[in-house]
Amino acid sequence: MTAVSVDAKGGRVFAIALALAGWVVKFVAVVLVIATFNFILVHAAPGDPAQVIAGQSGASDEKLLAQLRAEYGLDKPYPIQLATYLKRVVTLDLGYSYRQQRTVASLILERLPATLLLTATAFSLALLSGIILGTLAGVRAGKWSDTVLTVVSLLLYATPVFWLGLMLVLLFSVQLDWLPAFGYVTIGVPMTALQRMVDIGWHLILPAVSLAAVYLAIYTRLMRSSVLDVTHQDFIKTAKAKGLKQGRIIIRHILRNAMLPIVTVAGMQAGALVGGAVVIETVFAWPGLGRLIYDALLQRDYPVLLGVFLVMSVIVIALNLLTDAIYRVIDPRVSVRAAS
């Protein structure tokens with residue numbers, strides 16, 4: 001009996017190790033494919049980094065251009081440049097910035113915390129608010145509160161993010177002087193660690209609300225539709241027939257099942273928040289990856305663009321895996337179906 005249990009345990013460990021190895025191989029393959037497409041798209045864009053660098057230095061003769069292309073490997077054929085880039089990706093080397101004369105990894109690590117803070121705050125705000133408001137609208141379908149939430153959701157969805165951000169700045173920064181308009185932290189003011197955290201929080205409010213607005217509208221509408229669909233299911237009618245309280249039915253039965261579409265959509269759109277942050281970070285002068293992409297695009301700094309795109313792709317893949325794990329926790333039937 002003991003030998004059988006040991007063999008079974010060893011078999012499970014081997015199966016887990018084999019599945020993990022397969023996941024790693026697939027992850028690396030997907031990253032390499034994404035890196036290849038990023039390289040092709042970036043180099044297909046018009047513009048020559050050597051001409052941009054030479055032009056900003058005040059000289060653009062052919063000798064200098066040839067020297068710059070040779071220095072940064074731009075004179076080699078595209079297949080060789082691609083092979084060199086993929087080799088660096090495998091060794092976790094993101095390259096060297098043409099313009100800032102720094103490693104791309106250091107630039108990304110410097111800007112990544114600000115972007116993650118902004119996107120995580122906006123995502124959490126949109127998701128939690130969308131679930132709450134969508135549940136309220138679904139439970140009170142057809143009433144005035146449902147109508148108000150529906151109209152507000154449609155207005156937020158139709159409003160351009162940059163315009164909403166500018167209007168919030170005009171209202172809360174210019175007119176009311178309640179919140180700072182731009183930047184990440186107040187410059188030139190000595191602060192303790194706690195005061196710095198609070199100051200960053202004040203600067204975070206407007207860009208986070210602006211970025212979350214569109215997704216809040218999506219989650220509210222989707223949650224309302226999902227709540228209405230679940231409410232008419234037979235098990236909800238059974239729960240009501242048993243005399244369970246309305247609050248318990250909503251929390252224990254309706255929400256648990258209605259959140260499944262929200263988790264799926266939120267997981268797919270979490271990565272899109274990083275892309276949407278490009279506009280918001282530009283409007284609010286937020287020093288994150290979005291602003292780094294914008295500056296690198298103007299300067300034709302290919303290594304920075306490729307490095308940021310690769311990191312963003314890895315984040316999206318990780319978020320999709322996390323979404324799958326959360327989905328399995330919410331609905332254990334997914335694990336059962338996957339196992340079968």
Side-chain angles (χ1 to χ4, degrees), residues 118-181 201-233 235-237 239-240 244-270 272-273 275-277 279-280 283-284 326 330:
L118 174 59
T119 54
T121 303
F123 180 74
S124 301
L125 177 63
L127 186 60
L128 293 177
S129 301
I131 291 174
I132 295 173
L133 296 178
T135 303
L136 178 62
V139 172
R140 300 178 61 85
K143 299 182 180 180
W144 67 268
S145 56
D146 176 35
T147 303
V148 171
L149 290 174
T150 300
V151 172
V152 172
S153 298
L154 292 175
L155 288 175
L156 289 177
Y157 183 75
T159 303
V161 175
F162 69 90
W163 184 87
L164 178 61
L166 293 175
M167 293 303 102
L168 290 177
V169 168
L170 289 176
L171 177 60
F172 292 101
S173 299
V174 178
Q175 295 294 331
L176 300 177
D177 196 22
W178 288 356
L179 297 170
W202 282 108
H203 284 80
L204 179 64
I205 293 176
L206 290 183
V209 171
S210 302
L211 184 58
V214 174
Y215 299 94
L216 167 63
I218 295 174
Y219 299 149
T220 299
R221 297 295 300 162
L222 183 60
M223 190 67 186
R224 177 187 182 275
S225 176
S226 184
V227 167
L228 288 176
D229 182 62
V230 173
T231 301
H232 293 90
Q233 298 294 323
F235 68 92
I236 299 297
K237 297 178 182 178
K240 292 180 179 179
L244 296 180
K245 295 182 179 180
Q246 181 71 6
R248 184 176 181 182
I249 294 175
I250 294 174
I251 296 175
R252 294 288 299 275
H253 300 284
I254 294 179
L255 275 180
R256 185 178 181 88
N257 292 276
M259 283 180 59
L260 295 178
I262 294 290
V263 172
T264 303
V265 174
M268 293 187 295
Q269 291 183 338
L273 276 168
V279 177
I280 291 299
V283 171
F284 289 95
I326 295 175
I330 295 177

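Just so we're clear, the structure is a prediction, and the values are computed from it rather than from any experiment. Count residues from 1 along the sequence.
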Tabulate below the donor-acceptor pairs under 3.5 Å that side-chain atoms of residues 204-211 make, not counting sequence neighbours, or state none.
unit_1: S210; atom_1: OG; unit_2: L206; atom_2: O; d: 2.8

Checklist entry - Between S129 and L216, which heavy-atom pair has the shortest distance, and what is it? => result CB-CD1, 3.4 Å

Checklist outcome for this item: For I132, the side chain to side chain contact (heavy atoms under 4.5 Å, CB included) test, sequence neighbours excluded, returns none

Item to check | For L127, all residues meeting side chain to side chain contact (heavy atoms under 4.5 Å, CB included), sequence neighbours excluded | outcome: F123, I131, Y219, I262, A266

Item to check | salt bridge (charged side-chain N to carboxylate O under 4.0 Å, His left out): pairs with one or both residues in residues 216-225, sequence neighbours excluded | outcome: D146-R224

Next on the checklist: Tell me every residue that passes side chain to side chain contact (heavy atoms under 4.5 Å, CB included) with A212, counting only those two or more places apart in sequence or in another chain.
Outcome noted: A122, L125, A126

Checklist entry - Is the shortest heavy-atom distance from the side chain of V169 to the side chain of F284 under 4.5 Å? => result yes

Checklist outcome for this item: Nearest heavy-atom contact between S153 and A217 is O-CB, 3.0 Å

Next on the checklist: List the residues meeting side chain to side chain contact (heavy atoms under 4.5 Å, CB included) with L136, not counting sequence neighbours, and say none if there are none.
Outcome noted: R140, L149

Item to check | From Q175 atom CD to L170 atom CG, the distance as rounded to the nearest 0.5 Å | outcome: 7.5 Å

Item to check | Inter-residue atom distance L164.CG - L156.CG, 0.5 Å rounding | outcome: 7.0 Å

